[in-house]
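Input: a single structure, listed below in structure tokens.
The chains referred to below are lettered A, B, ... by the order of the sequence lines, with proteins before strands, and numbering in each begins at 1. Note that this is a predicted model, so its numbers are computed, not measured.
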Amino acid sequence: MYSALHSLPLDGHVDFQGSLDGTNLPGDACLVLTTDPKPRLRWTAELHERFIDAVTQLGGPDKATPKTIMRTMGVKGLTLYHLKSHLQKYRLGRQSCKESTESSKDVGIAASVAESQDTGSSASTSSRIAAQDLNDGYQVTEALRVQMEVQRRLHEQLEVQRRLQLRIEAQGKYLQSILEKACKALNDQAVATAGLEAAREELSELAIKVSNECQGMAPIDTIRMPSLSELAAALESKSASSNVPARIGDCSTESCLTSIGSPVSPMGMSPQAAAAMKKRSRSVFGNGDSLPLDGTTMRHEVEWMMNNMA
Amino acid sequence: MRELDFHEDHGSNNNNSGHTNKTTLSSLAQFASADSHLQSQSLGSAAAGDHHQIFGSALPGIDPTLFVHHSEYGDVFLNNHDFSSLDLPHSFHNNLNSPNSAAVGGFDSVQDLIRAADCFDSNQFHLAHAILERLNQKLPSPAAAGGGGAFFFKEALQSLLTVSTRPPAYLSSWSEIVETIRAYRAFSGISPIPMFAHFTANQALLDALDGPSSPFIHVVDFDIGLGCQYSSFMRELAERGSVCKFGAPILRVTAVVTEEYAIETKLIRESLTQFAHELKLRFQIEFVLLRTFEALSFKSIRFVDGEKTAVLLSPAIFRRLSLTGGPTAFVSDLRRVGPSVVVFVDWEGWGDSSGTASFRRNFVNSLEFYSIMFESLEGGGAAAIGGGDWARKIEMLLMRPRILAAVEGCGRGAAPPWKEVFAGAGMWPIGWSQFADFQAETLLGKVQARGFYVAKRQAELVLCWHERPLIATSAWRC
């Protein structure tokens with residue numbers, strides 16, 4: 001509608017601006033219309049000011065509607081169509097100001113509007129018209145530019161959203177898979193532990209028997225040796241299947257046995273336990289104290305005994 | 001995007017102490033240290049009324065010897081008569097105002113902790129032990145009053161006192177691992193913190209490593225966690241590979257881990273390899289023991305000609321190095337490796353400082369940081385989802401080890417600010433692409449938690465909770 005403003009002729013206009021100089025408009029403001037083939041409304045500075053007043057009265061350009069503005073402004077001859085397009089341009093112009101850090105555009109437009117207002121009384125009519133035309137021209141190109149900027153940003157933000165969504169999904173999927181693996185390992189270990197319990201039972205019985213034998217200083221290596229190593233082998237194979245890795249670079253039986261025991265006592269061989277183990281182990285072959293049937297110490301017994309027999 | 005300039009905030013409050021860069025809890029600490037003597041004078045009364053009394057009338061009744069002991073803080077304390085102007089974290093305000101004696105006990109606990117930490121500086125270990133013993137009654141469990149992980153800090157201090165030799169390394173059990181993964185998943189859901197850290201770091205990597213010059217990418221990671229970051233990184237690489245005619249890049253990861261991480265290591269290797277396989281990405285991961293790295297520095301890591309290298313760092317490795325060697329040597333070695341980008345993810349609220357000579361100061365900094373972290377967990381996310389339980393679990397499983405490590409590192413002594421060390425080695429910070437900015441903001445929009453926002457601080461992207469920085473990521477180039 002307003003695209004041809006640059007080329008509006010500057011003379012031959014019939015306008016009423018002569019009566020509209022200076023400060024406040026009286027209540028019965030008149031519209032300025034051009035006289036070219038299509039009568040267009042010219043948004044003069046005063047009219048624009050009234051427009052802004054009305055808009056602010058109504059709570060800002062986003063809240064104001066053309067109908068309400070029309071009512072508030074109370075300018076005869078102003079139609080909804082005039083207001084719709086002007087409001088749209090105004091909104092776009094405002095938006096571009098929000099984007100940029102400096103509000104220079106806003107200031108620019110306001111300044112040019114104010115300027116044309118201030119100079120209204122003294123400057124010649126034609127230059128005011130020119131300023132107004134240019135101003136409207138700026139507004140339009142500004143609006144177009146702003147629209148393009150907005151579109152570009154929208155596009156980029158959509159891209160960001162899309163990629164972000166992919167990434168979040170990827171992480172979620174990964175966490176799910178790692179959790180499943182860990183749960184599976186836990187279950188496997190539980191199954192293995194059940195088997196281990198049975199093995200431990202046997203071991204504890206053996207240990208008692210061994211200690212009883214030892215009190216009579218009977219040679220150990222003839223008694224039950226095969227069974228012990230068999231059980232140790234069974235333990236090792238169980239540990240392998242339960243997915244519990246030994247420490248890095250250390251695959252001895254000790255560490256396998258220690259790590260198997262981790263659900264029972266995550267501390268592994270804490271200093272106290274180690275000391276206790278030594279104490280108890282010595283007692284097996286020494287005074288023959290009764291051994292507590294504790295899983296941890298049983299394991300240590302077996303280690304100690306196996307190390308000695310190996 | 002807000003601009004943050006933390007230095008300007010401190011001028012008013014901390015005109016004396018050149019060390020601190022934080023105005024919040026250190027002010028509290030200064031105030032608390034002075035107040036602790038008042039407390040000892042009126043041991044029996046734990047009612048809130050007395051607290052208000054003490055806070056309101058600052059000067060009368062203060063033992064003058066107080067200022068001899070805490071001379072560096074005394075002046076500042078005198079200036080701060082109006083305690084309402086002290087920028088105390090919310091939890092402490094709540095504790096102050098509530099008539100609940102348990103909450104008041106929480107505040108007491110913090111003071112006691114700080115006093116105990118002080119004893120570390122003055123080598124009064126027996127006194128520290130006594131204070132912590134007494135604290136056991138006030139903080140019997142993690143859920144006890146005090147919040148901000150006071151219980152964990154107490155635990156950490158106690159472990160420093162009671163164990164003179166390093167405890168033998170133990171491997172995690174599968175049930176622990178399962179619980180930890182669950183907690184981590186909840187953490188990702190409740191709080192934007194993990195995703196922010198991962199995605200911004202990834203974006204820095206992607207922006208720097210982009211380009212057809214070499215399809216081989218090698219990432220050296222000093223803080224791999226669960227390896228979650230690489231899932232989204234690989235997804236992104238696969239995406240780019242599908243549009244680029246060269247195909248997807250080949251990714252190699254070297255992670256430096258401690259011995260205790262043996263079981264997690266295996267798990268991560270399996271999971272990431274499977275993930276890469278599903279994406280049809282060529283992937284390889286190696287693990288290097290931290291001990292080996294400490295001995296051999298970057299020679300312990302295999303580098304291949306023609307690769308583009310990236311290094312991911314966090315305060316943990318710096319802290320570890322300060323205890324043994326020095327960050328300066330590390331950074332100059334790093335420089336010699338010639339990575340395309342070095343990304344520093346500051347999980348610990350280090351900001352500009354790497355450490356001061358005072359155990360107590362480092363301790364208070366950590367205390368402050370984790371109190372914010374806990375607040376953000378409990379206040380922001382958990383409340384929104386109604387998962388107060390999860391907050392507890394996250395604190396227990398994820399925060400606690402970090403707190404223990406942080407407290408252990410409090411004795412690390414004065415270290416030059418890491419940024420200075422970087423700059424000294426000839427590295428300079430790269431800014432952030434607009435994509436990274438947008439991504440961070442969009443991420444916050446997606447997350448249900450409230451109270452978070454993203455800000456820029458010099459060259460860093462910072463995730464903040466109500467004005468307080470939580471995670472700061474920065475990217476550097478040699």
Report task. Just give me the residue among A/Gln157, A/Lys173, A/Arg163 that pairs up with chain B most often, heavy atom to heavy atom, under 4.5 Å. Result ->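 So the answer, after comparing A/Gln157, A/Lys173, A/Arg163, is A/Arg163.
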Query raised in the report: Who among A/Glu180, A/Gln176, A/Glu169 has the most heavy-atom pairs with chain B under 4.5 Å?
Result: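 That would be A/Gln176.
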Answer with side chain, backbone, both or neither: which region of [X] has an atom nearer than 4.5 Å to a non-hydrogen atom of chain A?
X: B/Glu239; value: side chain
X: B/Arg185; value: both
X: B/Phe435; value: both
X: B/Leu279; value: neither
X: B/Glu236; value: side chain
X: B/Thr180; value: neither

Query raised in the report: Do the rings of B/His198 and B/Tyr184 sit parallel, tilted or perpendicular, given the 30° and 60° boundaries?
Result: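 B/His198 vs B/Tyr184 ring planes: tilted.
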**Report entry** Contact winner vs chain A - B/Pro194, B/Gly227, B/Gly445, heavy-atom pairs under 4.5 Å
**Finding:**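 Of B/Pro194, B/Gly227, B/Gly445, B/Gly227 has the most heavy-atom pairs under 4.5 Å with chain A.
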**Report entry** More than 12 heavy atoms of other groups within 6.0 Å of A/Arg162 CZ
**Finding:**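 More than 12 within 6.0 Å, yes.
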Report task. Please report the C-alpha distance between B/Ile301 and B/Leu296 in whole Å, then the side-chain angles of each, then the deciding distance to 0.1 Å, and finally whether the side chain to side chain contact (heavy atoms under 4.5 Å, CB included) criterion is met. Result -> CA-CA 9 Å; B/Ile301 301 178; B/Leu296 299 176; over 6 Å; no
In plain terms, say whether [X] and [Y] are close enough for a salt bridge, that is, a side-chain N and a carboxylate O under 4.0 Å apart.
X: B/Arg302; Y: B/Glu286; answer: yes
X: A/Glu156; Y: A/Arg153; answer: no
X: B/Arg291; Y: B/Glu294; answer: no

Query raised in the report: Without hydrogens or angle criteria, can the side chains of B/Ser231 and A/Gln171 be said to hold a donor-acceptor pair below 3.5 Å?
Result: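 No, no side-chain donor-acceptor contact under 3.5 Å.
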